[in-house]
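The first residue of the sequence shown is numbered 1, and numbering continues consecutively from there. Each ligand, and each atom within it, is numbered from 1 in the order the structure gives.
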Amino acid sequence: MSHSNVPLISNLFQQTDHFPFADLHFWNDPKCQLQAIIAIHNTTAGPALGGCRMFPYASTENALIDVLNLAMGMGYKAAINQLPFGGGKSVIIQPGLIKNRQALMESFGRFVDSLGGRYITAMDVGTETNDMDNISHFTQHVTCTSEQRKGTGDPSPYTAKGVFRGIQAATKFLFHTKQLSGIHVVVQGLGHVGYELLQLLHDAGARLTVSDIDKTTVKHCIDEFSADSVAPEKVYEVECDIFSPCAMGQILNPETIQQLKTRAIAGAANNQLLDKQQGEALRKKHILYTPDYIINSGGLLQIAYSDNQQLNNKIDALYNTLLGIFYEAEAQHKATNMIADEMAEHLLEKQVMIETKQKKIEMVPEPIERLQA
Ligand code: NAD
């Protein structure tokens, strides 16, 4: 254990104190350059399901905080959508230069398999379908594998579809219309989800402004979607109807919120709020916040529903779920993230109550005479 990790270990229980977590697992395989963490938020309704993020974290602590927040989001997402899954997530600390990506992913597959199915992994930022295929060489507890391996593939188009429905819910609430023609949307992050979302928004006639740290991607999207562009550091200042964060998390913080000139936030990124209080800061600025773990549920729904019609209905239903949250928040003078959290926590508590009752029934002790016989 390196010296720099000492404060992290001494704070470990404080870190997890903020979250009602089930368990945390660490894996170190220097031969394959793998350092990974799996966080399981809960397994009450079923195995913990959530993607594997590979990112060049500046520190182990940053990786740990990210995986805890992400796993909690997955727990709430599965609960709100009433799916037979718990919440979990994993992170791989991306090495400077990956020597053998297949070996790294296969080692991660062994890590996932060591949990015996308590955690099911999937794609996230920094991982691809091909990585899921390599993971599947060593575990069956993996989704988003390719068609050749009978998998569900990339969930991003479904996530984008859900975000599109969320944007429609926001415009309905604010402007009393689902039509997006002429609505100005700023999309931050033009990756798997951002790109698919742009396609849908463009088809619906929205006015688009795009931003990404990758200049080639920006140029491509300007040409393909007749979009304007803005530099990453200026993105929060753009006057628009909808700001759609589709890159990384914690981008809604005191510094960025004071720059925002939008009427609503509706995007795919996980953990958009630096902390819960930022939801209230947005409410005070009359900016409608669309809770991230609901609007970005489409990918999880794709994994849960194999029937296309059922899947599309479930994604479409996000529109009403979100609209309901907006109205409830307005009626209670509360931030939308608080209303969503209360809903998710209520559903999780119900699951625990049912599970505890079932366990109690199963655990009725054998009569003494029978044990002695
Ligand atoms: P991705 O890695 O394919 O795309 C992310 C994009 O953001 C990249 O183009 C990257 O260059 C860009 N980016 C990074 N930092 C940026 C910055 N500071 N400013 C502007 N652009 C920046 O990821 P993705 O799969 O599209 O996912 C995007 C977000 O949505 C992530 O937060 C992810 O966790 C979340 N999400 C994705 C899915 C899914 O199905 N892919 C599902 C739920 C949630």
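- In Arg53, the part holding a heavy atom less than 4.0 Å from any atom of ligand 1 is the side chain.
- Taking the six-membered ring where the residue is Trp, the centroids of Tyr195 and Phe225 are separated by under 6.0 Å.
- Looking only at heavy atoms of the protein, atom 12 (C) of ligand 1 is closest to Asp212 OD2, 3.2 Å.
- Contact of the Ser114 side chain with the Trp27 side chain is registered, since non-hydrogen atoms from C-beta on lie closer than 4.5 Å.
- Summary of contacts: the protein heavy atom closest to atom 22 (C) of ligand 1 is Ala247 CB, 3.6 Å.
- Atom 30 (O) of ligand 1 has its closest protein heavy atom at Ala268 O, 3.3 Å.
- Contacts of Asp124 with ligand 1, taken as heavy-atom pairs under 4.0 Å, involve the side chain alone.
- Counting heavy atoms under 4.0 Å from ligand 1, residue Val193 touches it through both backbone and side chain.
- Using a cut-off of 4.0 Å between Lys/Arg side-chain N and Asp/Glu carboxylate O, Asp23 and Arg118 are scored as salt-bridged.
- Annotation for ligand 1: atoms under 4.0 Å from non-hydrogen atoms of Ala269 are 29 (C), 30 (O), 32 (O), 35 (C).
- Ranking the protein heavy atoms by distance from atom 15 (N) of ligand 1 puts Ile213 CD1, 3.7 Å first.
- Here Ser156 has heavy atoms under 4.0 Å from ligand 1 in both its backbone and its side chain.
- Checked against a 6.0 Å centroid threshold, the rings of Phe243 and Tyr236 count as neighbours.
- Ser136 and Asp133 form no side-chain donor-acceptor contact under 3.5 Å, judged by distance and modelled atom types alone.
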